[in-house]
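Bear in mind the structure is a predicted one, so any value in this text is a computation, not a measurement. Numbers for residues simply follow the sequence, beginning at 1.
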Amino acid sequence: MIEKKRITPEIKAHHERKFVSYISSLLHFNSINFDKKIRKHNERNPLIMDDIEENHIAYEDDEKLLGFHLHRLENQISDPNLHKFFLTLSEREKEILNLTYAEEKKDIEISQQLGVSQQSISKTRKNALRKLRHFLTDETSR
């Protein structure tokens, strides 16, 4: 016959301590490995938005150097007729509409930038919008 060993409370406590120690060290080292894995992944695949300030500064400098704006109104107009009519406006009218709607500047800011009166900016913008409205209503009535 096979004799069974009796498990004494001391042996049971010893095994429990060993098991808890094993699980504790297992969790510790797995958390370290997990942390390393996440850091490695983040270093290899950085988020694009992390460097938003540097990218923003670079685009502003590029705009100033190249002398054009990335968000011009004529590049955002999706209606072909409106785009065609927008291109028929004078350069001054297009510039004022771009500054007003694409760059969201106020009349006073535009007048200071262009060196003319605020009333002149307002009048030019209204005339340009009236021309576009006239072109569109004539085109749709045909």
Legend entry - Heavy-atom pair with the smallest gap, counting every atom of Glu109 and Lys106: OE1-N, 2.8 Å

Inset, instruction - Could you tell me the separation between the CD1 atom of Ile110 and the CD1 atom of Ile121, rounded to the nearest 0.5 Å? - result: 6.0 Å

Legend entry - Close side-chain approach of Asn98 and Glu103, heavy atoms under 4.5 Å: no

Inset, instruction - Of all the heavy-atom pairs spanning Leu89 and Lys94, show the shortest one and how long it is. - result: O-CE, 3.4 Å

Inset, instruction - Check whether any side-chain heavy atom of Lys105 sits under 4.5 Å from a side-chain heavy atom of Thr100, and report yes or no. - result: no

Legend entry - Residue list, side chain to side chain contact (heavy atoms under 4.5 Å, CB included) with Ser21, at least two apart or on another chain: none

Legend entry - Set of salt bridge (Lys or Arg N to Asp or Glu O under 4.0 Å) partners for Arg39, sequence neighbours left out: Asp35

Legend entry - Residue pair Ile11, His15: steps toward the side-chain contact (heavy atoms from CB on, under 4.5 Å) verdict: CA-CA 6 Å; Ile11 293 174; His15 285 295; 3.3 Å; yes

Legend entry - For Asn81, all residues meeting side-chain hydrogen bond (donor to acceptor under 3.5 Å, both in side chains), sequence neighbours excluded: none

Inset, instruction - Could you list who else is in Phe19's hydrophobic cluster, with ILVMFWY side chains joined at under 4.5 Å, directly or through other members? - result: Tyr22, Ile23, Leu26, Leu27

Inset, instruction - For Glu93, enumerate each residue passing the salt bridge (Lys or Arg N to Asp or Glu O under 4.0 Å) test, keeping only those at least two apart in sequence or located in another chain. - result: Lys131

Legend entry - Set of residues satisfying side chain to side chain contact (heavy atoms under 4.5 Å, CB included) with respect to Lys40, sequence neighbours excluded: Arg44

Legend entry - Partners passing side-chain hydrogen bond (donor to acceptor under 3.5 Å, both in side chains) against Gln119 (at least two apart in sequence or in another chain): none

Legend entry - His14: partners by side chain to side chain contact (heavy atoms under 4.5 Å, CB included), with sequence neighbours left out: Arg17, Lys18

Inset, instruction - For Gln118, check side chain to side chain contact (heavy atoms under 4.5 Å, CB included) against everything at least two apart and list the hits. - result: Asp107, Ile108, Ser111

Inset, instruction - Please list, chain by chain and in numerical order, all residues satisfying ring-ring contact (aromatic ring centres under 6.0 Å, His included) with Phe85, sequence neighbours excluded. - result: Phe135

Legend entry - Check: Asp79/His83 side-chain N/O donor and acceptor closer than 3.5 Å: no

Inset, instruction - Please identify each residue that fulfils side-chain hydrogen bond (donor to acceptor under 3.5 Å, both in side chains) with Ser25, with sequence neighbours left out. - result: none

Legend entry - Candidates Val116, Thr124, Asn127 - the one meeting side chain to side chain contact (heavy atoms under 4.5 Å, CB included) with Ile96: Thr124

Inset, instruction - Hey, could you give me the CZ/CZ distance between Arg125 and Arg130, rounded to the nearest 0.5 Å? - result: 13.0 Å

Legend entry - Qualifying residues under side-chain hydrogen bond (donor to acceptor under 3.5 Å, both in side chains), relative to Glu10, sequence neighbours excluded: Thr8

